[in-house]
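Read the structure below first, then the notes.
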Amino acid sequence: MPLRNGTATSGDQEKHRNDTCSDQELQRSRTETNQASTGSVQRCRQWRNPRYPTATSLLRTTEITTNPVSLPGEKRFWSIGDLFLLLRLREDLLKRFKKHDVLIIVGETGSGKTTQIPQFLSDSGFCRDGKTIGVTQPRRVAAVTVAKRVAEECGVDLGQKVGYSIRFEDVTSSSTRIKYMTDGLLLREALLDPYLSRYSVIVVDEAHERTVHTDVLLGLLKKVQNVRSKYVKDHTSIGHKRASNGTILEKENTDPCIGVLKQCQGRKLPPLKLIIMSASLDAHVFSEYFGGAKAVRVLGRQFPVDVFYTVDPQTDYLDSAIVTIFQIHSEEAPGDILAFLTGQEEIESVEKQIHENLQRLPEEKRNMKTVTIFSSLPSEQQMRVFAPAPAGFRKVILATNIAETSVTIPGIKYVIDPGVVKARSYDPVKGMESLIIVPTSKAQAIQRSGRAGREGPGKCFRLYPESEYEKLEDSTKPEIKRCNLSNVILQLKALGVDDIFGFDFIEKPSRAAIKKSLEELILLGALTDELKLSDPVGRRMARLPLDPVYSKALILASQFKCLDEMLIAVAMLSVESIFYEPREKLDEARTAKKCFASSEGDHLTLINVYRTSIELLEKRKSEVGKEKPEKILRKWCKENFINNRSLRHARDIHSQIRRHVEQMGLCISSCGDDTLQFRRCLAAAFFLNAALKQPDGTYRALASGEVVQIHPTSVLFRTKADCIIFNEFVKTTNKTSMSTNSKLLVDSHSQVDIYCFLSR
DNA sequence: GAGCACTGC
């Protein structure tokens, strides 16, 4: 089955890979030295090229079709052969899907499963009676781009038959039948429509990523599916009542099988069909979770990637990465290099090192250009990775995980993978999250190497021996097992799941983590001592799309008459960092920041930034014929070292949250210059984040007892107030130094408040 | 005087 560019289909492709590998199976000793990276010392790096570890060889799913076929996903025009395959696949899939309520589809990148399968379903009558096919994605950008693509393929306007819905953007209409959305958004929808009654099919895409949202959604979908199929079989009404606004309220939990999901009255709902799509490895997990659901495999169009391992373990992966970059540069054919590093600091130091090494090379060998990308980089600078290198130059991209899934950079032929990643971890005893550098999983390593085979055959250099690869976990630990669960639990409670310990998670978080978050929610007043959602506080908190602490701060702020300020503070705290401090212009950036600094703390500093920017926008809007306000703001941001994207995000959140609190009937008033009121309110909401100064000048966090210090970027770094409220812990590589991120000077009154709350 | 991966509502 020939496909484009003469590559074989996956089955053949694998053989092809192995054939190529076997030629190079032996160790490839590199005798050439790399003058550039090593200076006068001669060093060489030895590589071993084993058989390519494909997803297939690791796949443990039993129910895989014997004759997998390929979807023509990347093409606009199909050959007769392609169409034949397409029809065959379509028939096969539909037959299976009609028989089973859950189908698992395993498909590699570029298999077209995301674009094609919803169209098959729509054509086959799954949108009858005005029902919709919902397709969820973990990321906003994916939901938008896929929807655009499918609308184009269907020849319809986006927002008509095919549409998408993400936070702040709803491009759907009453005629939308295929709806792409983020998984978090579908969870929010479920709060208003617990049966997901408008959907006949839900497709959960990229399920292998196992984000918190995906995991909670899978649990919810399983429940909804049970209820809906039960409803069809046993159409008896269980006690329920309707609220005055027409929504259905639960009366009591009469059916333990259904749990507390509310029964539906008077509406005929067809069974909910589910498709779980995963890239690899984990199909068996989903299959087991959904009672042995069948899995089908569709093939992607990845080009072969040769994987090389180091012969010996590397002591310093940064140095190793630099050596490898120069080795590729001097020995390999043209093609861009993508190197995965763990964070901004590493990226900046490696870039500096590369430039220094380049200076030592003869002029004609300096044809290398570095670009960097990480999430906090302003978007204009992020865009630089897409620009092709000057003619005759090789582009080296130094990236964080952002390049693993979120951003696809064209032209990559070589990938360098040190085998580590910075990941969130959670200590349920202290209730503290931190970021630590850990080994990647096998799945992650495969995902990274795949980045070299998007446009043609590539090579991946793993900076560790093959024996180390074998020791890696198959897949990354699901996020739900390494984060604070307060938000998840509040959502589940609002969805009517009372027994959190008994909830059918695909992988259950630890008992300690659940307990810790339940305690936090009780302290915040969201749950009663009987672990019921409190009314109105808990219900209101669940409605707000924010961290529970922020929601509580808003509710309190209406009582403290400073909701205007708190709305801004919460919006600004919810976004990625507002201030941008590039290494080369550190002093300028700090001077700029001083203009906004408030002696009372970082919260008020953030409010100052927000208000100044809004004033600027308003002023420009009233001046006709001048430059566009957005453009002016962008310039202003640049001058003041503020991340425009973060600020815009904060404006979006602000207006969304404002709408919510208005609907709740909360009173939005400003405390004006009386910032004491605002600070007291902060103390009342963030009492779990209070710290007191110790005689030695360090601080002790009251709730955890942890010794902490004020983060040097804080405006309070020098002042050393007696008592502060911080926003979050930042755990750094140095174990003893923990610091606070956002903090607030509070007076003695607020201390009293804090003690009051803590001693409750 | 230190330095925060990536998402999402």
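Numbered from 1 within each chain, the chains take letters A, B, ... in sequence-line order. These numbers come from the heavy atoms of this one structure, side chains and all, not from hydrogens, waters or symmetry mates. These figures come from a predicted structure and were not determined experimentally.
The separation between A:Gln344 atom CD and B:dG3 atom P is 13 Å, rounded to whole Å. Distance A:Ile657 CD1 to B:dC9 C1': 8 Å, rounded to the nearest Å. For the pair A:Phe726 CZ and B:dA2 P, the computed distance is 20 Å after rounding to whole Å. Computed from coordinates, the A:Leu544 CG to B:dG8 P distance equals 20 Å when rounded to whole Å. Residue A:Leu220 contributes atom CG, which lies 20 Å from atom P of B:dG8 at whole-angstrom precision. Between the CZ atom of A:Arg540 and the C1' atom of B:dC9 there is a distance of 20 Å, rounded to whole Å. In this structure, A:Leu435 places its CG atom 12 Å from C1' of B:dG3, rounding to the nearest Å. Between A:Phe168 atom CZ and B:dG8 atom C1' the separation is 10 Å, expressed in whole Å.
Listed by chain and residue number, A:Phe505 satisfy the side-chain contact (heavy atoms from CB on, under 4.5 Å) test with A:Lys508 (two or more places apart in sequence, or in another chain). Under the rule for a side-chain contact (heavy atoms from CB on, under 4.5 Å), the partners of A:Pro378 that lie at least two apart in sequence or sit in another chain are A:Glu380, A:Gln381, A:Tyr580.
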- Query: Does the pair A:Thr370 and A:His355 meet the rule for a side chain to side chain donor-acceptor pair (under 3.5 Å), with working shown?
  - Reply: CA-CA 8 Å; A:Thr370 57; A:His355 288 166; 2.9 Å; yes
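The side chain of A:Ile402 sits closest to B:dT7 out of B:dT7, B:dC9, B:dA2. Distances were taken from every side-chain heavy atom of A:Thr713 (C-beta onward) to each of B:dC9, B:dA5, B:dA2; the shortest belongs to B:dA2. Distances from the side chain of A:Arg424 to the nucleotides B:dG3, B:dC6, B:dC9 place B:dC6 closest. The side chain of A:Arg139 has B:dG8 as its nearest neighbour among B:dC9, B:dG8, B:dC6. Closest to the A:Leu185 side chain, of the nucleotides B:dC9, B:dC4, B:dT7, is B:dC9. The listed nucleotides are B:dG3, B:dC6, B:dG8; the one nearest the side chain of A:Ser406 is B:dC6.
If A:Gln656 and A:Ala423 are placed on DNA chain B by their nearest nucleotide, the residue sitting closer to the 5' end is A:Ala423. Annotation: of the two residues near DNA chain B, A:Val421 and A:Arg167, the 5′-most nearest-nucleotide partner is A:Val421.
A:Thr405 has no side-chain polar atom (N or O) that falls below the 4.0 Å cut-off from OP1 or OP2 of B:dC6. Listed pair A:Thr342 / B:dA5 fails the phosphate criterion, with no side-chain N or O lying under 4.0 Å from OP1 or OP2. Neither OP1 nor OP2 of B:dC9 sits under 4.0 Å from any side-chain N or O of A:Arg543.
If you check every strand for non-hydrogen atoms under 4.0 Å, A:Thr211 touches nothing. Contact annotation for A:Phe374: backbone-only contact, meaning every heavy-atom pair under 4.0 Å involves sugar-phosphate atoms and none involves a base.
For the pair A:Glu345 and A:Lys422, the salt-bridge criterion is not met [side-chain N within less than 4.0 Å of a carboxylate O].
More than 12 heavy atoms of other residues, nucleotides or ligands shown are found within 6.0 angstrom of CG on A:Asp696.
Using the six-membered ring where Trp is involved, A:Tyr550 and A:Phe686 have ring planes that are tilted, between 30° and 60° apart.
For DNA chain B, the neighbouring residues in residues 480-492 of chain A, judged by any heavy atom under 4.0 Å, are A:Asn487.
Side-chain atoms of A:His654 do not come within 3.5 Å of backbone N or O of A:Ala571 as any donor-acceptor pair. Between the side chain of A:Arg448 and the backbone N or O of A:Phe340, no donor-acceptor pair lies under 3.5 Å.
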